[in-house]
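Okay, structure first, notes after.
Basis for what follows: all heavy atoms, side chains included, without hydrogens, waters or symmetry-related copies. If you read the sequence from its start, that first residue is 1, and numbering goes on from there.
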Amino acid sequence: MNWMEDLFGVKKPIIAMCHLQPLPGDPDYDEIGGMDKVIELARHDFRALQEGGVDGVMFSNEFSLPYLTKVRPSTIAAMAYVIGELRREIEIPYGVNCLWDPIASIDLASAVGAKFIREIISGVYASDFGLWNTDPGATARHKIAVHAKDVKMLYNIVPEAAKYLAGRNIAEIARSTEFNCHPDALCVSGLTAGVETDTQVLKQVKDAVKSTPILCNTGCRKDNIERQLSVADGAVVATTLKEDGIFRNKVDINRVKEFMGVVKAFRTTL
């Protein structure tokens, strides 16, 4: 088994996103509702995901738009507070994602006992949020320094709303990232959250690497998940699990159950 099968206990695991509402310091933070409102909505979404049958969950500050490439301490503290409030209810493996900052993500993971992070950890990208100039060597050393050596690192090598600056194709990027950075998984995305990942790009990445698991990172739906999982080793899923499949809405437990029903039926064919 690869590490994902060992951690999640199934082949082709589904990691569902628990998107946190804007946090203190974010432009759209609800000062009236405050953190109590953030926790209330996070609890609703998390319960719907867990009871709906997903294999794991990843908490992210998804509504902290526009994102920072160096996350402020207030965001890490707020996310840790939310996860701490939910901790006793969590029965499935969980990870974290402080958008778009791998160091902050590692710090949060170490503090709350998360098993994995997902971030832009390697490469240089031009994005809607400015220039992403990563330092994977420093990130790897920081992980050891904060006693997070067992935290799995999910590298997003086709990040949303960004383009790799060097003139290299995705297969080359995947191959060299695997060799140089030793990622625990590679995430392949569409343009933005909810946009379908190109299956052919998934296959190019899968064929390029030797042993690293590949995750379909955006745009999975009931009508395409079998096709995506026929190539990928798992998926990160969010938008399709929400009411009416709309990014900003709450998670709909019935949509979660329907989606996972398709996934579980597909697994019986493996």
Side-chain angles (χ1 to χ4, degrees), residues 14-52 54 56-92 94-102 104-109 111-114 116-120 127-129 154 156 159-161 189 192-195 217-220 236-256 259:
I14 299 299
I15 303 170
M17 299 302 300
C18 186
H19 291 162
L20 304 186
Q21 295 297 306
L23 302 169
D26 291 338
D28 295 327
Y29 178 61
D30 180 356
E31 295 185 16
I32 297 175
M35 284 300 296
D36 287 343
K37 188 68 173 181
V38 173
I39 293 169
E40 174 189 339
L41 293 173
R43 179 173 281 115
H44 169 277
D45 282 0
F46 170 74
R47 286 176 174 173
L49 294 169
Q50 181 165 271
E51 293 171 16
V54 301
V57 69
M58 180 156 46
F59 297 94
S60 81
N61 58 323
E62 200 77 17
F63 295 117
S64 291
L65 289 160
Y67 301 129
L68 295 168
T69 54
K70 183 173 177 56
V71 170
R72 294 176 178 175
S74 58
T75 299
I76 305 171
M79 293 182 71
Y81 177 37
V82 173
I83 296 168
E85 286 292 301
L86 300 179
R87 182 64 185 85
R88 293 179 182 176
E89 300 181 36
I90 303 176
E91 299 175 355
I92 54 178
Y94 62 96
V96 296
N97 184 192
C98 292
L99 296 159
W100 287 99
D101 186 339
S105 297
I106 291 170
D107 288 342
L108 177 59
V112 302
F116 54 91
I117 71 163
R118 176 193 64 179
E119 253 310 328
I120 310 302
S127 81
D128 291 347
F129 310 107
L154 280 53
N156 194 344
E160 303 156 36
S189 309
T192 63
V195 173
N217 196 48
T218 65
C220 290
V236 179
V237 184
T239 302
T240 196
L241 304 180
K242 298 189 177 187
E243 294 172 357
D244 300 320
I246 296 174
F247 174 70
R248 287 275 179 185
N249 288 352
K250 295 180 182 179
V251 172
D252 181 340
I253 190 171
N254 292 321
R255 292 179 69 97
V256 179
F259 181 88

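We find the OG1-CG distance between T69 and L99 to be 11.5 Å, quoted to the nearest 0.5 Å. Within the model, atoms CZ of F63 and CG of L20 stand 9.0 Å from one another, a figure rounded to the nearest 0.5 Å. How far CD1 of I15 is from CG of L49: 12.5 Å, rounded to the nearest 0.5 Å. For the atom pair C98 SG and I76 CD1, the distance stands at 5.5 Å (nearest 0.5 Å). Here the straight-line distance linking atom CG of D128 with atom CG of L65 works out to 10.0 Å at 0.5 Å rounding. Of the inter-residue distances, the one linking S105 atom OG with W100 atom CH2 reads 9.5 Å to the nearest 0.5 angstrom.
In this structure the side chain of Y94 never reaches within 4.5 angstrom of the side chain of Q50, judged on heavy atoms. At a threshold of 4.5 Å between non-hydrogen side-chain atoms, the residues N97 and F59 do not count as touching. In this structure, V96 and I83 have side chains that are in contact, with non-hydrogen atoms separated by less than 4.5 Å. Considering only heavy atoms from C-beta on, N217 comes within 4.5 Å of R118 through its side chain. Side chains of V256 and V54 form a contact here, defined as non-hydrogen atoms less than 4.5 Å apart. Side-chain contact between F259 and I14 is present, with at least one heavy-atom pair separated by less than 4.5 Å. For the pair M58/V236, a side-chain contact is recorded, criterion being any heavy-atom separation below 4.5 Å from C-beta on.
Under the side-chain contact (heavy atoms from CB on, under 4.5 Å) criterion, I39 pairs with R43, Y81, V82, E85, sequence neighbours left out. For the side chain to side chain donor-acceptor pair (under 3.5 Å) test, residues two or more places apart in sequence or in another chain that qualify with D107 are H142. With sequence neighbours excluded, the residues that form a salt bridge (charged side-chain N to carboxylate O under 4.0 Å, His left out) with R47 are E89. Residues passing the side-chain contact (heavy atoms from CB on, under 4.5 Å) test with D45, sequence neighbours excluded: C18, K250, V251. The side-chain contact (heavy atoms from CB on, under 4.5 Å) search around S127 returns F129, W132, A162, not counting sequence neighbours. Qualifying side-chain contact (heavy atoms from CB on, under 4.5 Å) partners for A77, counting only residues two or more places apart in sequence or in other chains: none.
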Would you be so kind as to tabulate the donor-acceptor pairs closer than 3.5 Å made by side chains of residues 240-248, with sequence neighbours excluded?
{"residue": "K242", "atom": "NZ", "partner": "H19", "partner atom": "ND1", "Å": "2.8"}
{"residue": "K242", "atom": "NZ", "partner": "F247", "partner atom": "O", "Å": "2.7"}

Could you give the side-chain donor-acceptor pairs of residues 25-32 under 3.5 Å, partners two or more places apart or in another chain?
{"residue": "D26", "atom": "OD2", "partner": "L23", "partner atom": "N", "Å": "2.7"}
{"residue": "D26", "atom": "OD2", "partner": "S64", "partner atom": "OG", "Å": "2.6"}
{"residue": "Y29", "atom": "OH", "partner": "M35", "partner atom": "N", "Å": "3.2"}
{"residue": "D30", "atom": "OD1", "partner": "I32", "partner atom": "N", "Å": "3.0"}
{"residue": "D30", "atom": "OD1", "partner": "G33", "partner atom": "N", "Å": "2.9"}

